[in-house]
2 protein chains.
Amino acid sequence: MSDSGIKNMEQFAAISGISRPTVSKYFNDPDSVRRSSRERIEAAIDKYNYRPNIYAMNQNRAMTKNIGIVVPLLSDTYFAEIARNLEQHCIDAGYRPTMFSSHGDPKFEVEILDNLRSLKPAGVLIAPLGRASNRDVLEKFCEDVPTLIFDSKVGEIGIEFVGSDNVQFARDITDYLCRSGEPPCFFEMKTPANPNAHRRRQSYLDAMASFGFEPQVISIEGEGWAFEEIGFRGANDALARKLFSTNTILCSNDRLAIGFLTACYENGLSVGRSEGDAIRVAGQDGHRLTRYTCPPLTTVSHNYEAVSLQAAKALFAAIDGEENPWKSTRIEGKLILRASA
Amino acid sequence: MSDSGIKNMEQFAAISGISRPTVSKYFNDPDSVRRSSRERIEAAIDKYNYRPNIYAMNQNRAMTKNIGIVVPLLSDTYFAEIARNLEQHCIDAGYRPTMFSSHGDPKFEVEILDNLRSLKPAGVLIAPLGRASNRDVLEKFCEDVPTLIFDSKVGEIGIEFVGSDNVQFARDITDYLCRSGEPPCFFEMKTPANPNAHRRRQSYLDAMASFGFEPQVISIEGEGWAFEEIGFRGANDALARKLFSTNTILCSNDRLAIGFLTACYENGLSVGRSEGDAIRVAGQDGHRLTRYTCPPLTTVSHNYEAVSLQAAKALFAAIDGEENPWKSTRIEGKLILRASA
DNA sequence: CCATATATTTTACGCGCGTAAAATATTGAT
DNA sequence: ATCAATATTTTACGCGCGTAAAATATATGG
């Protein structure tokens with residue numbers, strides 16, 4: 001019964017006994033028509049299952065109800081999780097979200113922005129690739145479309161920036177590791193895709209300095225987004241070369257840490273904070289699988305819900321015309337203590 | 001310079017010295033206009049960066065170039081991976097894919113199909129939730145829109161079914177486990193969301209019978225898609241109750257196996273196929289992180305590329321008008337031997 | 001070079017809906 | 001009941017493009 005013979009709003013309006021423009025108003029905001037009209041329209045909708053043609057709706061409208069959600073990599077559970085949260089917030093607010101993944105490639109990112117323009121979105125939520133992003137394209141896009149950048153800050157552009165407080169992440173976990181055992185070294189990619197990695201490293205250095213400990217940073221080779229593999233190889237290599245001056249490793253992120261744990265396992269190093277353990281390993285991000293590594297990984301978790309809610313609300317406010325000065329909102333993470341450190 | 005004053009195809013056509021309908025033809029198929037026209041149009045595109053209004057393009061067209069890709073859960077790396085592959089195939093074939101996640105909830109699945117109708121897609125690729133899917137809605141949708149169901153078969157509906165050969169998965173790994181040590185028991189969820197789980201169990205039973213071994217199936221409680229947690233709890237419980245009559249565990253899928261490994265770790269059971277190891281654990285799916293579990297997990301991997309390619313090609317053929325009888329294509333997986341078994 | 005077949009472009013019209021402005025209905029106070 | 005003020009509906013027009021049919025250009029064969 002999905003096609004009940006009603007082809008357009010004209011016919012639907014005729015059958016429900018209301019003028020077409022009133023029906024049009026109803027679909028844009030059910031509360032903008034008289035109660036009696038609304039009831040008649042809704043009865044007719046139930047009866048004939050009519051939906052307006054979405055293309056005709058949007059073609060002559062300055063701004064649609066579409067919102068684009070762009071992340072660097074949907075197969076990364078962190079981004080999948082936050083994208084899911086954002087999607088729900090958009091739906092709840094009456095928007096039509098569409099998700100896009102840059103697949104770790106700046107060319108795709110540019111292409112997505114290009115396609116997004118033609119969708120005439122009311123707004124866009126984007127987690128840029130970071131270092132690899134085309135800043136000019138992104139900046140131009142922000143000028144043309146209400147855009148909120150989250151996760152990785154790329155200049156002071158867009159409505160505002162919302163992300164995690166990576167300084168606090170690294171400070172708190174460094175603090176914890178120093179108090180509970182040997183001071184950690186910092187294990188990271190030499191050329192990380194994501195600028196947050198730099199903040200975490202710097203915060204680690206600052207924390208170590210404030211405690212009066214000598215810091216050590218191990219920067220490993222590797223390009224791309226296969227962090228587990230990069231961490232695994234890097235750890236194997238560093239272990240073979242006995243690079244570590246401490247038994248405690250703070251990884252720049254959880255996925256590197258997962259690779260690190262595998263290297264420890266294959267090198268016969270027992271990971272943990274107990275007497276007989278050889279090494280302590282911690283991560284950062286609160287990756288969903290860190291609970292199930294062996295041993296479970298000590299980490300700092302993003303506050304997914306707070307980040308996505310803040311990002312969504314700020315975008316909606318901007319769409320509604322609120323003019324606020326650019327700002328950066330950084331949300332604290334939560335230390336999660338597990339057996340690995 | 002994105003807005004160069006050109007507002008519509010009329011103006012663009014005038015400037016490039018070609019009639020508007022010819023320009024329209026060009027955008028629908030650049031090869032359908034004379035070479036000289038094409039070159040002039042492309043020069044003008046470069047110069048003025050004009051793009052047709054996507055809504056106006058689609059509102060008066062029987063069929064769009066949109067393709068919907070629907071998966072049960074985008075945060076599950078298996079679906080994220082296969083969705084990514086499908087997306088690329090659609091783009092390569094000149095379609096505009098849009099990804100949707102049912103978030104494990106049949107209500108969302110129905111809602112997505114409902115929204116999809118109004119997008120007037122040329123076709124849809126859907127991995128249904130499975131057991132929980134609303135079959136009537138899905139069947140009706142398949143009648144109205146060219147739809148290809150993949151991963152989980154739900155009746156003989158849609159263009160064809162494309163998925164992995166789960167019978168072969170379980171047979172081959174059971175075979176391997178029997179030959180290389182004690183025959184395995186089968187560890188699964190009692191009420192799995194995905195019908196493939198049943199095929200795997202049955203195939204395990206058949207394989208065991210053919211070898212003349214006594215099968216054992218451990219079916220654990222748990223609802224939803226948090227498979228690692230369900231596997232972890234189920235394994236803890238089963239280990240405590242000493243339910244296993246063998247030292248070899250074949251898990252119904254990798255995510256259950258990841259939880260199982262964690263339980264082994266926390267119970268002090270060393271997992272592996274070496275002399276001193278207490279237990280062997282294997283999974284099925286080829287989850288991307290199984291390489292980095294401790295120990296790395298023996299599994300059967302989906303042939304992601306073959307599944308997605310077959311699904312995409314079949315859909316495109318149907319969109320192009322090819323009428324083929326419904327069929328089921330099941331693609332073999334590849335045994336991946338690692339340290340866990 | 002001409003006639004015919006074919007490829008390409010142009011003419012002409014309509015799709016389904018948004019929206020300003022005009023017309024009408026409703027409300028509230030007197 | 002009356003009248004202004006306000007809420008709601010209707011009139012009237014146009015958005016940007018797809019597409020069938022008509023007109024024209026190009027290719028082919030003799």
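All chains are named by letter (A, B, ...) in the order of the sequence lines, taking the proteins before the strands, and each is independently numbered beginning at 1.
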Exercise. Just grab all the salt bridge (charged side-chain N to carboxylate O under 4.0 Å, His left out) pairs involving residues 32-45 of chain B, residues at least two apart or on different chains.
Key: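 Only B:Asp31-B:Arg38, B:Arg35-B:Glu39, B:Arg38-B:Glu42 qualify under salt bridge (charged side-chain N to carboxylate O under 4.0 Å, His left out).
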Quiz prompt | Inter- and intrachain pairs under salt bridge (charged side-chain N to carboxylate O under 4.0 Å, His left out), touching residues 56-67 of chain B, at least two apart | solution =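 Pairs touching residues 56-67 of chain B that pass the test: none.
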Please report, to 0.1 Å, the donor-acceptor pairs under 3.5 Å made by any side chain of residues 12-19 of chain A, with sequence neighbours excluded.
residue	atom	partner	partner atom	Å
A:Ser16	OG	A:Phe12	O	2.7
A:Ser16	OG	A:Ala13	O	3.3
A:Ser19	OG	A:Thr22	OG1	3.0

Please table the atom pairs, donor to acceptor, closer than 3.5 Å between any side-chain atom in residues 68-79 of chain A and protein atoms at least two apart or in another chain.
residue	atom	partner	partner atom	Å
A:Asp76	OD1	A:Tyr78	N	2.9
A:Asp76	OD2	A:Arg255	NH1	2.7
A:Thr77	OG1	A:His287	NE2	3.1
A:Tyr78	OH	A:Asp151	OD1	3.0

Quiz item: Which letters describe nucleotides 17-27 of chain C, given B = protein heavy atom under 4.0 Å from base, S = only from sugar-phosphate, - = neither?
Solution: BBB-----SS-
Can you tell me how far [atom2] of [N] sits from [atom1] of [X], to the nearest Å?
{"X": "B:Ile6", "N": "D:dG16", "atom1": "CD1", "atom2": "P", "result": "13 Å"}
{"X": "B:Asp29", "N": "C:dA7", "atom1": "CG", "atom2": "P", "result": "14 Å"}
{"X": "A:Arg35", "N": "D:dT9", "atom1": "CZ", "atom2": "C1'", "result": "18 Å"}

Quiz prompt | Charged N-O contact under 4.0 Å between B:Asp144 and B:Lys140 | solution = yes
Quiz item: Do any pairs count as a ring-ring contact (aromatic ring centres under 6.0 Å, His included) and have a residue in residues 105-133 of chain A, sequence neighbours left out, and if so which ones?
Solution: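 Found A:His103-A:Phe108.
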Quiz item: Should A:Thr22 be listed as having a side-chain N or O under 4.0 Å from OP1 or OP2 of D:dT10?
Solution: yes
